[in-house]
Amino acid sequence: MTDPGAVEHGLFIGGKWVNPPGAGRFSTRNPATGEVLGHFVSARPSDVVAAIDAAQNAFPAWKETPAPKRGEILLRAAETLRGRKEAVGQVVTREMGKVIAEGRGDVQEAIDFIEYMAGEGRRLAGETVPSELHRKFCLTVRQPKGVVACITPWNFPTAIPNWKIAAALVCGNTVVFKPASNTALCAYEVVKVYEDAGLPPGVLNFVTGSGAIVGDALVGDPRVKAISFTGGVETGREVYLKGARQLKMVHLELGGKNPVIVMDDADLPLALEGVLFGAFGTSGQRCTATSRVVLHEKVYDQFLGMLVDRLKSFKVGDPIDPSTDMGPVASADQEKKVLEYIEIGQKEGAKLRTGGHKLTGGVYDLGHYIAPTIFETPHGTRISKEEIFGPVLSVIKVKDYDEAVHVANDVDYGLSSSIYTRDVNRAFRAIGDLEAGITYVNAPTIGAEVQLPFGGVKNTGNGGREAGSVAIEEFTEIKTVFIDFSARLQKAQIDPR
Ligand code: UN1
């Protein structure tokens, strides 16, 4: 475990930590205090090539390692991370800014998934199906793709890298991992866990630096067979296009504009807690964050009043303090973007009910703090339709269930969704009607569990899912096998039946 001081960390290539001479450096900072946490290498294309070489060289032996053995190493990694949960949770909070309970939760999600994937080493199931011919046996087996690139965001800086890395590894791929630059220390901790768990050299490689240089070099290298990317839509589209030129498998997890529908028969105190957690947990910086409340007119004034009231006692402050409800946003760039959206909301005539500004004075001056913000807006404004990725909630009035579903669906994204209602028939209808990869009933839009598929429709992605048992789809090729034990030539579709 590294003391998260401002230590210098290298790249991890072929099982060695290297500090290539001549490469630039960048630092990460605590968004709550401005404290510098670590220094990292701005890798150059030649460093990326070295990482891919190492992954390529390690691939044959890793592919030949029995999947249950690969799973055992993952299980050791899960145990190693469990032993470091508190320390790494603190690093998450200090580097990314989510409150400490969520920092620990981020690490727990990583542990859960690595453990889950370790079990996959004893499944990796194919199918056996009957043949149309006599004495012929048909089955499928899963094979690794080769070298895969995992490009990950800052908002779940230990969980999301592990969703990708653990699944890729158990399937027998070797990995080059490029994390978001502002959470490079968290990423370093992830890599250390695998190193300390005894992963063979070259199976996991780590390159830090910008998307424009490192990401681009990874995506453009023909030896990288698959790319798993979580991040913004614009970058995702670029990655997809660049990968498409080489017919690569590109898995994308992109944005969301997730609605909570609150119907007139909802348990309002329950919905209140759900909306607060969904909208302002992680300072609204989850792909799954609740960014819209689609609110039935009969409970509109009451529920909006409850929300605004409750925020008066909401504590925004240093996320390392366990009594803090909400920390800062993750970076100066985030702060700028969120404040811009608040301005857009005001310009387009949305009614600001609370928040709407940067917090200043005392500790606030050290970091990137934005007051939890609620706008009342008609459906159709930019703030009601575009992803903001910050503590800004749009409240939209609707007259009935049909209008609620229309509003909920009328956006470019479809990751998570939720309905609060006590009507079981309506809840089941919503499961069918809401255009999203995930629907919650009487729970907020955040908080997916690792043993279930995660992903969305529309601009949220390109059809794949992470997590759950389907996580292995992204990282395996299916080989179809026909074994003819009739000792004669049999012709499918031609021989008499
Ligand atoms: C994300 O924001 O991309 O469902 C991931 C959740 C978390 C994962 C969020 N388990 O909110």
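Both counts, for ligands and for their atoms, begin at 1 and track the order of listing.
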Which residues share a salt bridge (charged side-chain N to carboxylate O under 4.0 Å, His left out) with E387, sequence neighbours left out:
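With neighbours one apart ignored, the set is empty.
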
Before you tell me yes or no, could you show the steps for I370 and V392 under side chain to side chain contact (heavy atoms under 4.5 Å, CB included), namely the whole-Å CA-CA distance, both residues' side-chain angles and the distance that decides it to 0.1 Å?
CA-CA 9 Å; I370 296 178; V392 180; 5.7 Å; no

Would you check if the side chain of R292 reaches a backbone N or O of A408 as a donor-acceptor pair within less than 3.5 Å?
yes

Any chance you could measure C186, atom SG, to L37, atom CG, to the nearest 0.5 Å?
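These two atoms lie 8.5 Å from each other.
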
Amino acids in close contact with ligand 1, where any non-hydrogen atom sits under 4.0 angstrom away
E109, N155, F156, I160, W163, R286, C287, T288, I446, G447, A448, F454

Is the centre of the W163 ring less than 6.0 Å from the centre of the F454 ring?
yes

Pairwise side-chain contact, Y194 with L169, heavy-atom cut-off 4.5 Å (strictly under)
yes

